[in-house]
Structure formats: C-alpha cells, structure tokens
2 protein chains.
Amino acid sequence: MTKPRSRRGGGRPTIADVARKAGVGAITVSRALREPGRVSEDLRRQIQAAVDELGYVPDPNARALASARAEVFGVLVPSLTNNVFAEVVRGIYDSLSDSPFRIQIGNTHYSGLEEERLLQVFGSQRPAALIVAGIDQTPGARRLLENAGCPVVQVMETGPDPVDMMVGFSHLDGGRTAAEHLLQAGYRKIGFIGARMDPRSQRRLAGYRAAMEAAGLFDPRLITTTPVPSSVTLGRELFRDALAKMPTLDGVFCNNDDIALGVLFECHRASIDVPKQIGIAGFNDLDMMQVSFPSITSVRTHRYEIGTRAVAMALAAIAGNRPEQRIVDLGFELMRRESTAR
Amino acid sequence: MTKPRSRRGGGRPTIADVARKAGVGAITVSRALREPGRVSEDLRRQIQAAVDELGYVPDPNARALASARAEVFGVLVPSLTNNVFAEVVRGIYDSLSDSPFRIQIGNTHYSGLEEERLLQVFGSQRPAALIVAGIDQTPGARRLLENAGCPVVQVMETGPDPVDMMVGFSHLDGGRTAAEHLLQAGYRKIGFIGARMDPRSQRRLAGYRAAMEAAGLFDPRLITTTPVPSSVTLGRELFRDALAKMPTLDGVFCNNDDIALGVLFECHRASIDVPKQIGIAGFNDLDMMQVSFPSITSVRTHRYEIGTRAVAMALAAIAGNRPEQRIVDLGFELMRRESTAR
DNA sequence: CAGACAAATGGTAGCGCTACCATGCAGAGC
DNA sequence: GCTCTGCATGGTAGCGCTACCATTTGTCTG
C-alpha cells in the first residue's frame with residue numbers, strides 16, 4: 001500500500017542504499033560518517049567501500065532537518081568587492097575548506113535594515129555560527145543575533161559590548177596613529193579625506209580629530225567627506241575639493257588606500273611634490289601601497305587573520321570550549337613610507 | 001504514545017503553528033506562501049496575518065528536502081579577492097537579492113580538482129542553478145555539471161561547447177585587440193607580461209601572439225610570465241625582468257591591470273617616460289586606470305553584467321523558458337588612454 | 001559463574017515541509 | 001433533475017536523515 005513516491009531525488013543514492021550494500025543499519029552508516037570512533041574498524045571499512053562505490057554524498061538538507069542544526073556558517077559583510085571584506089571572507093573560506101561547514105555570505109550593502117532582513121533569513125536555517133562585520137547593529141539585528149542560538153563573532157572592530165565574541169582592532173586608534181605620524185613628520189595643515197563614511201570610517205575620523213585637537217591644529221574645514229562609495233577616482237576628486245577649500249593643505253590622511261592612491265595620482269598630475277609639498281597616509285595597506293611611486297604610508301590591518309581567527313573562535317565555541325578571551329584585538333601597524341618622509 | 005520530541009528547533013514557529021492560528025490546513029499555508037494565486041483572497045490575508053504575528057520564516061532545509069530542490073544558486077569562482085570575480089559575484093548577488101534564492105559560493109583556488117570536489121558537494125544539495133567561472137572544466141567536473149539536473153551557466157568566457165549556457169567574451173580577441181592597438185600606436189618591441197596564467201590569461205597571450213605574428217614582430221623573448229598570483233608588486237618585478245631580458249622594449253601588454261599598474265610605477269621610479277619610451281596596456285579596466293598618471297589604456301570587460309546576465313538566463317531556464325541564445329558574448333571595449341598615446 | 005556494565009549496533013519515530021491524491025462545492029451543460 | 005467540470009481546500013505519506021532508546025554482545029568484577 002505504501003507505494004513509495006518515485007524517487008524524487010533523481011536517483012542519487014541515499015543512506016539506506018549504502019546501509020543495504022554494506023549490510024548494516026542506516027544509523028550505523030550515519031555514525032560511521034559523523035563519529036567514526038564509535039563504529040568498529042571492520043564496519044567502518046565496509047561502509048566506506050559502499051560509500052565510494054555508490055558515490056554517496058549525504059544530503060545536507062535532510063541532515064539539517066533531522067539534527068535541527070545546519071552545517072553552515074552565515075557571514076554578513078557590507079560589500080563583496082571592497083578588498084578589505086574580500087580578504088576577511090577569504091580567510092573564512094580558507095579556514096573552513098577542510099571542514100564539513102558550508103558558508104553562506106550575505107551582502108548588507110552597508111544597510112542596517114538589510115542586515116536585519118538577512119539575519120532573519122539566515123536564522124531560518126539554524127546556522128552553526130554567524131560572523132558579522134561591524135559592531136553597530138540595529139537593536140533588531142542585535143536581538144536576532146542574541147537569539148540565534150549559535151556562536152556569533154563580530155569582526156573588523158573591537159568594542160566594549162560584544163553580542164558574543166569579537167575580533168578586530170580599534171579604528172579610532174588607527175586613525176589617531178596615522179594623524180600623529182603626519183604631525184610628527186612635520187605636517188601641520190593635515191586634511192582628512194573620506195568616502196562612504198561607514199561607522200569604521202567615522203571612528204578613524206574621530207581618531208584623526210583627537211590627534212589634531214591634541215596638537216591644537218584641528219579645523220573643521222580640513223575635513224572633506226562624502227557618503228558616496230569609495231574609489232580611486234573619487235579620491236582624486238575629493239582631494240581637488242579639499243585643495244580648493246584650503247589651498248594651504250600640506251598633508252592628508254585618507255579614509256582608505258583607494259582614496260590615497262587617487263590623491264597621489266592627482267598630485268602627479270598637478271605637479272605637487274609628495275612628500276615635500278603634501279604628505280599622504282592611507283588606511284589598510286593594500287599591496288600596491290608599497291610599490292607606488294612614491295610608496296604610500298598606510299595603516300596595515302590584518303584582514304585575513306580576522307577571518308581565520310573568527311572561524312577558530314566560532315569552531316572552538318561549537319566544540320564546547322568557548323575561548324576565554326571573548327574580545328580579540330589584532331591591532332594594526334603603521335607602515336611608514338616615502339609619502340610621508342619629509 | 002507518540003510523545004513528540006521536545007521541539008528540537010528551539011521553539012521557532014512551524015507551518016503547523018501558522019495553520020492552526022489561521023484556522024486552515026498546513027498545505028494551504030504552504031500554497032499561500034509559494035503560489036498566492038491559488039489561494040482565495042480571504043485566506044491569504046488571514047494567513048499573512050498569522051505569519052506576521054508569529055514571525056514565521058519557512059525552514060529552507062525542510063523545504064528543500066520535501067521538494068527535492070533547494071532554492072540555492074551554486075557559484076564557483078577561482079578567487080574571492082580578485083576584483084574581476086568579485087564583480088561577477090556582486091552582479092549575481094544583486095540580481096538575486098529580491099528572489100527567494102540563496103547563494104552558495106565556492107572558491108576553487110584555480111584548481112580543477114578543487115572545482116570537482118566542490119561540484120560534488122554542491123550537487124548533494126540539489127541546487128536550483130549552477131554558475132561556474134571558466135570553460136576548462138576537468139572531464140569529471142564536466143560530467144558533474146551535465147548531470148546536475150539544473151541549469152548551468154559558464155561565465156567569463158565564451159567557447160564552442162557549452163555544458164548548457166554561457167556568458168562572457170573572447171579573451172583571445174581581447175588580447176589581440178590590445179596588441180594591435182599598441183602596434184597601431186607605433187610600438188614595435190611589445191612585451192607580454194602575465195602572472196597566474198590561468199586559461200583566460202593564456203588565451204589573451206595567444207591573442208597577443210597572433211597580432212604580433214601577423215605584424216612579423218613576434219619574438220618569444222618578449223614574453224615574461226609566472227604562475228605566481230598576480231599583484232601590483234609582482235607587476236613591477238616582472239617588468240624589471242622583462243627589461244633586463246630585452247632592454248629595447250618599447251611597449252607592454254599586461255595580463256591584467258594590477259600588473260599594468262606595477263609597470264607604470266616602475267617606469268616612474270626608473271624615470272622611463274610613458275607613453276614616449278614605453279607604451280602600457282592593461283586588461284579589465286579597473287576604476288583606477290582612468291585616474292592614474294598617465295591614465296592607462298585597458299580592455300574594459302563587463303564583469304558585473306556577466307553576473308546579472310548569467311542569473312537572468314538561469315532564472316529563465318528555471319521558469320521553463322530557456323533562452324534561445326545559449327551563448328551570450330558581452331564583448332569588451334578598448335579604452336585608449338594616455339599610456340599608449342605616443 | 002551470576003550480575004553489572006560498557007561498547008557496538010539497530011529500530012522507531014519524527015524533523016518541517018510539499019507532492020500527490022482526495023474531497024466538497026459551485027456553476028455549466030444536457 | 002442529473003452528471004460533468006473546475007476550483008479551492010485538506011489529509012496523508014513521505015523527502016533523507018538523526019535523536020532517542022532498546023537490544024545484543026563481550027568483558028570485567030566479586
């Protein structure tokens with residue numbers, strides 16, 4: 001009577017097929033695959049042979065449904081093309097490539113609402129862990145993270161109040177360090193040029209401001225920002241705006257390296273000597289900063305490591321030994337180069 | 001007797017909860033959510049109210065298991081940080097953001113074996129569609145694609161023998177066009193500098209070679225390549241190698257824009273005049289090429305559109321109307337700039 | 001050598017959803 | 001009046017897997 005539906009799955013082998021072939025129960029196959037230690041050597045070999053012969057691959061959907069837990073890491077980043085986040089994501093992928101965990105990336109487009117929506121979607125899958133960029137979640141997003149029922153790692157930044165765990169560094173300190181370096185190098189009219197101005201950029205700006213105020217040199221007219229997404233082209237344009245506004249500018253701290261590169265190119269074009277007339281400092285230290293002419297001073301951040309570390313912490317939490325240090329500050333490194341060597 | 005397991009899912013509402021609250025059958029809820037047209041206006045409203053009140057989000061795992069089809073697009077790219085692929089992925093994400101489809105990205109690290117392994121993993125999920133970069137799959141990977149039981153789109157390149165559908169352009173023509181442009185501009189000793197040398201780079205090289213041979217100017221010593229991953233730093237180094245090997249070089253066609261930028265910086269550093277002494281052409285036309293000083297000639301490719309187009313074709317195929325044109329050539333555009341304006 | 005206990009294996013009953021097949025009911029056609 | 005059709009809705013039976021408990025076997029105690 002129980003006429004089985006005609007194999008909806010298109011004939012791929014199931015755990016029952018493997019069990020039959022190996023002459024064992026389905027549950028034993030399941031165990032052999034997930035906890036090999038709990039199955040005798042003999043059966044394990046037999047089962048492995050059957051798996052290989054049939055080309056069996058477990059259905060992750062069925063697995064997730066039965067165990068109420070999907071082997072998925074949910075990752076939320078504001079941009080896929082921004083090299084900074086791409087590096088973090090690469091670190092995550094590399095750390096997870098030999099594990100059974102899959103990765104699901106969500107692109108929030110720097111929008112809190114979008115982040116909230118994606119968390120809702122991700123939550124419906126009962127992910128094994130969540131990695132989210134930034135610490136400025138909306139109240140709704142924060143609630144979703146707190147109730148996710150899985151380890152959560154906030155990355156890119158550190159802050160006082162983690163949902164669960166954190167890996168990053170202080171953007172405020174990074175901004176201050178860059179500005180202080182420009183001051184030490186002898187620059188005085190140091191501008192800040194920033195695009196996008198997401199929360200991290202805001203904090204770099206705050207660091208710059210703190211340094212300038214401490215030196216008694218702060219002037220709001222030194223700041224040139226835009227909410228427009230960052231690009232090299234935009235860097236050039238913003239620098240021209242900044243110069244028009246304040247022709248006596250003798251240095252710039254750029255929000256990021258794209259902007260810094262745009263500034264450098266404009267200096268070339270306008271025959272402005274770097275570092276003599278203008279000092280330039282960037283942020284993130286992309287590969288090209290050390291090769292450009294002149295090479296550009298930048299704050300090196302450890303993006304790839306942020307990704308690998310976040311995964312390591314999440315994995316530890318999943319395994320039941322939550323790391324003692326819930327907030328990991330990976331710091332940054334000021335790379336002094338020709339562009340500020342006055 | 002049938003003591004229900006104590007709600008493994010951690011208490012999130014199920015379709016049965018919604019059905020109870022709305023006073024309808026579970027199947028009607030399912031239908032209201034997936035095919036609203038088949039449920040009466042009244043019930044639809046009632047059900048929507050219950051969904052909203054309970055905060056119900058369907059479990060994609062259960063859905064996939066029951067329907068033998070996951071609402072997932074599998075995407076396979078060789079790199080996550082290479083801007084070229086990041087742009088394609090961004091196009092895919094943007095095109096799918098309002099659909100119920102999730103995206104799963106695999107990073108093949110330019111390895112055919114890894115690609116095969118990932119296809120195996122992806123296949124176990126019964127994805128709704130697969131988008132893979134490149135056309136040079138291993139025989140095993142090709143078989144997996146052919147038996148995937150879903151639309152498949154190969155992207156980045158066009159070729160004669162699609163698994164299913166294709167969106168891209170001819171890298172050979174692109175390479176030839178760049179080389180011909182350099183020749184027309186009056187350069188004669190035109191080098192080729194390439195890193196990574198994946199199949200697409202190989203075809204750009206072949207295009208370059210064809211142009212040079214047609215002009216009777218080909219010389220194998222003009223070619224400088226390495227399997228090392230591409231970077232601006234590497235561009236500088238390879239250019240120095242190329243110059244050491246052939247000091248009379250008067251032009252270079254670079255594999256990609258990173259390399260071209262490295263070449264430009266080295267020219268600045270060595271006081272080589274661009275475009276007078278050396279002409280430079282890149283590939284892909286990243287944003288910065290138009291801003292650099294001098295601006296750099298490059299072959300513009302339509303990465304974002306490749307992503308959006310691939311999704312559109314896959315979506316059409318899923319909906320049952322497979323596009324007539326199975327191979328879409330999005331072409332490229334030579335952007336002539338200062339670096340080759342002799 | 002009985003009893004206790006651990007290790008290895010299996011059976012059963014779902015996980016939350018949808019495919020498939022009823023069922024009920026209104027209107028159409030004879 | 002009756003059957004026939006088509007539409008809206010519901011019930012049942014799984015999808016492929018694992019949690020939970022039961023069973024079997026072997027090993028160790030006293």
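Labels below follow one simple rule: chain letters A, B, ... track the order of the sequence lines, proteins then strands, and each chain is numbered from 1.
Proximity of residues 51-64 of chain A to DNA chain D (heavy atom under 4.0 angstrom from any strand atom) is restricted to A:Y56, A:P58, A:D59, A:A62, A:R63.
Rounded to 10 degrees, the angle between the two end axes of the helix from C:dC1-D:dG30 to C:dC30-D:dG1 is 40°, with five pairs used at each end.
Of the N and O atoms on the side chains of A:Q125 and B:R102, at least one donor lies less than 3.5 Å from an acceptor on the other residue. For the residue pair A:S30 / A:R34, a side-chain donor-acceptor distance below 3.5 Å is found, with atom types taken as modelled. For the 3.5 Å distance criterion, the side chains of B:E116 and B:T138 qualify, holding a donor opposite an acceptor.
With a 6.0 Å radius and a threshold of 12 heavy atoms from other residues, nucleotides or ligands, B:R90 has its CZ atom above the threshold. Heavy-atom contacts from other residues, nucleotides or ligands closer than 6.0 Å to CG of A:N321 number more than 12.
Whole-Å rounding puts the A:R12 CZ to D:dC15 P distance at 16 Å. Summarising the geometry, the separation between CZ on A:R69 and P on C:dC15 is reported as 17 Å, rounded to the nearest angstrom. For the pair B:E35 CD and C:dC20 C1', the interatomic distance rounds to 13 Å; values are reported in whole Å. Atom CG of B:L33 and atom C1' of C:dC17 are 11 Å apart (whole Å). Atom CG of B:L65 is separated from atom C1' of D:dG14 by 9 Å (rounded to the nearest Å). The distance from atom CD1 of A:I47 to atom C1' of C:dT9 is 10 Å, rounded to the nearest whole Å. Following rounding to the nearest Å, A:R34 (CZ) and D:dG16 (C1') show an atom-to-atom distance of 13 Å. Across the protein-nucleic acid pair, B:R126 atom CZ and C:dT18 atom P stand 16 Å apart, rounded to whole Å.
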Nucleotides 25-27 of chain D: which of its N/O atoms have a protein N/O under 3.5 Å away?
none

Using nucleotides 7-10 of chain D, report all nitrogen or oxygen pairs with the protein that are shorter than 3.5 Å.
unit_1, atom_1, unit_2, atom_2, d
D:dT9, OP1, B:S40, OG, 2.9
D:dT9, OP2, B:S40, N, 2.8
D:dT9, OP2, B:S40, OG, 3.4
D:dG10, OP2, B:G25, N, 3.0
D:dG10, OP2, B:T28, OG1, 2.4
D:dG10, N7, B:R31, NH2, 3.0

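Here the side chain of A:R20 pairs no donor or acceptor atom with the backbone of A:A26 at under 3.5 angstrom. With A:Y304 contributing its side chain and A:I92 its backbone, the two residues share no donor-acceptor pair below 3.5 Å. Formation of a donor-acceptor pair under 3.5 Å by the B:D52 side chain with backbone atoms of B:A49 is not found in this model. A:T28 contributes no side-chain N or O that, together with a main-chain N or O of A:V24, makes up a donor-acceptor pair within less than 3.5 Å.
Listed by first and then second residue, the ring-ring contact (aromatic ring centres under 6.0 Å, His included) pairs that reach into residues 34-88 of chain A are A:F73-A:F101, sequence neighbours excluded.
Using a 4.0 Å cut-off between a side-chain N of Lys or Arg and a carboxylate O of Asp or Glu, B:D59 and B:R12 do not qualify as a salt bridge. With salt bridges taken as basic N to acidic carboxylate O contacts below 4.0 Å, none links A:R143 and A:E146.
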Residues 159-166 of chain B side chain polar contacts: donor-acceptor under 3.5 Å, at least two apart:
unit_1, atom_1, unit_2, atom_2, d
B:D161, OD2, B:R142, NH2, 3.4
B:D164, OD1, B:R322, NH1, 2.6
B:D164, OD2, B:V152, N, 2.9
B:D164, OD2, B:R322, NH1, 3.0

